[in-house]
Amino acid sequence: MPELPEVETVRRRLEPVLTGRRFERVEISDPRLVRPHEPDEVAAELQGERVASVERRGKYLILRFETDRVLLIHLRMTGSLRHSSAGLDDDPHRRALVKLDDGSDVAYRDVRRFGTWLLLEPGELDAYLAPRLGEEPLDAPFTAARLGQLLARRRAPVKAALLDQRTLAGMGNIYVDEALWRAKIHPLRPAESLEPNELRRLHRAVRTSLEHGLARQGSTLRDYKLPDGASGSMQHEFKVYGRGGEPCDRCATPIAKIRVAGRGTWFCPTCQPEPQAASSSSSVPSRSSRQSSV
DNA sequence: CTTTTTCCCTGGACGC
DNA sequence: TGCGTCCAGGGAAAAA
């Protein structure tokens, strides 16, 4: 499923082929893609727009037009974009098709139809994204201290807090599990309970996990593909995700699977020790756990 | 306010 | 082989 490394990979590949190109013709074949708007109306609005830039924020792909309108694309679970100058094969899961002014095509495919296209007028983007998205985990403002602030006074499991896009924009089920394994933190630990040294480890681990994914063009489990149809290769390097029963790379303990925040969650029971059973004094662990300047 | 649950979708895996 | 059931999960919305 496309998370930050996958969406950023798509962005990097689309940027050179889309920038400066005009949307010659647009077909939206699945009304759900643009709901509650009418597909034909959205397609008509997009026709004639010329791409000024291809950006990303969290898991959103942002096509900014020269008119300052924006097409906000979210791939959700199974969305993918394909670009070709040599025609495209038929695809029963195609939900939209854009013909560019250089004769090439961009096709949007989405088996499970969770993905969305939203056309925003100039100035509407920030108001849309601001309440939904937190820190970009690969950008400079994201520090261990900032992570501490974001997790402070949050009793939810750290895994749930990291999946919340208002904490870190772009983390998903795969990279959260991978980061928690790297940081040696149990997914059920209350977010507010992390000690400063754990926050430093987690900060480091989030970045390392995302950078590894980015370096391998993301992970292709089934549906995610690069715009030229190639697959990512990060799926071969998962430490825990989807590896229940296999030995931990660090200690050989079989990887365990539980359910956290409604998501399949894999971790090493030895490297990522169980949080203390919640007792009467669990809400305020100690003075020392309050971070000040990490 | 925070946190949890439900829902949307389809196809692949699995049991019988 | 064919059917029924479960599972995968991002994020909006509803419920707690």
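Labels below follow one simple rule: chain letters A, B, ... track the order of the sequence lines, proteins then strands, and each chain is numbered from 1.
For dA8(C), neither phosphate oxygen OP1 nor OP2 lies less than 4.0 angstrom from any side-chain nitrogen or oxygen of R222(A). Using a 4.0 Å cut-off, no side-chain N or O of R132(A) falls inside it from OP1 or OP2 of dG10(C). Contact check, R259(A) against dA8(C): a side-chain N or O comes under 4.0 Å of OP1 or OP2. Close to dA12(C), at under 4.0 Å from its OP1 or OP2, lies no side-chain N or O of H74(A). Distances shorter than 4.0 Å separate none of the side-chain N or O atoms of K257(A) from OP1 or OP2 on dC7(C). Here Q165(A) does not reach the OP1 or OP2 of dG10(C): none of its side-chain N or O atoms lies under 4.0 Å away.
Counting only residues at least two apart or on different chains, the ring pair (Phe, Tyr, Trp, His ring centres under 6.0 Å) pairs with a member in residues 203-231 of chain A are F142(A)-H203(A). Evaluation of the ring pair (Phe, Tyr, Trp, His ring centres under 6.0 Å) test over residues 62-98 of chain A, restricted to residues two or more places apart or in two chains, returns F23(A)-F65(A), Y60(A)-H74(A).
The distance from atom NZ of K159(A) to atom P of dT3(B) is 17 Å, rounded to the nearest whole Å. The interatomic distance linking R166(A) (CZ) with dT2(B) (P) rounds to 8 Å, in whole Å. Across the protein-nucleic acid pair, D110(A) atom CG and dG11(C) atom P stand 13 Å apart, rounded to whole Å. The interatomic distance linking L168(A) (CG) with dG10(C) (C1') rounds to 16 Å, in whole Å. The interatomic distance linking L188(A) (CG) with dT4(B) (C1') rounds to 14 Å, in whole Å. Distance, D164(A) CG to dA13(C) P: 15 Å, rounded to whole Å. The distance from atom CG of L75(A) to atom P of dC8(B) is 22 Å, rounded to the nearest whole Å. Rounded to whole angstrom, the span from the CD1 atom of I73(A) across to the C1' atom of dG10(C) amounts to 16 Å.
Remark: the backbone N or O of P122(A) is not paired with any side-chain donor or acceptor of D68(A) at under 3.5 angstrom.
Just one residue in the list Q272(A), E274(A), E198(A) forms a side chain to side chain contact (heavy atoms under 4.5 Å, CB included) with R189(A), and that residue is E198(A).
Contacts with DNA chain B (heavy atom under 4.0 Å) in residues 32-41 of chain A: R32(A), R35(A), listed by number.
Within the 6.0 Å centre-distance limit, the rings of Y108(A) and W117(A) are counted as a close aromatic pair.
At a threshold of 4.0 angstrom between heavy atoms, the contacts of M77(A) include nucleobase atoms, whether or not backbone atoms are also involved. Backbone-only engagement by R113(A) is indicated by non-hydrogen atom pairs under 4.0 Å involving sugar-phosphate atoms exclusively. At a threshold of 4.0 angstrom between heavy atoms, the contacts of G262(A) with the nucleic acid are absent.
A residue-by-residue look at R112(A) and R154(A) shows that R154(A) has its nearest nucleotide of DNA chain B further toward the 5' end. For G264(A) and Y60(A), each mapped to the nucleotide of DNA chain C holding its nearest heavy atom, the one lying further toward the 5' end belongs to G264(A). Nearer the 5' end of DNA chain B, as judged by each residue's closest nucleotide, is the contact made by A156(A), out of R263(A) and A156(A).
One side chain, E55(A) or S53(A), offers a donor N or O that lies under 3.5 Å from an acceptor on the other.
Looking at heavy atoms from C-beta onward, R82(A) lies out of side-chain contact with K225(A) at the 4.5 angstrom threshold.
Under a hydrophobic-cluster definition in which Ile, Leu, Val, Met, Phe, Trp and Tyr are linked whenever side-chain heavy atoms come within less than 4.5 Å, directly or via other members, L4(A) and V54(A) are assigned to different clusters.
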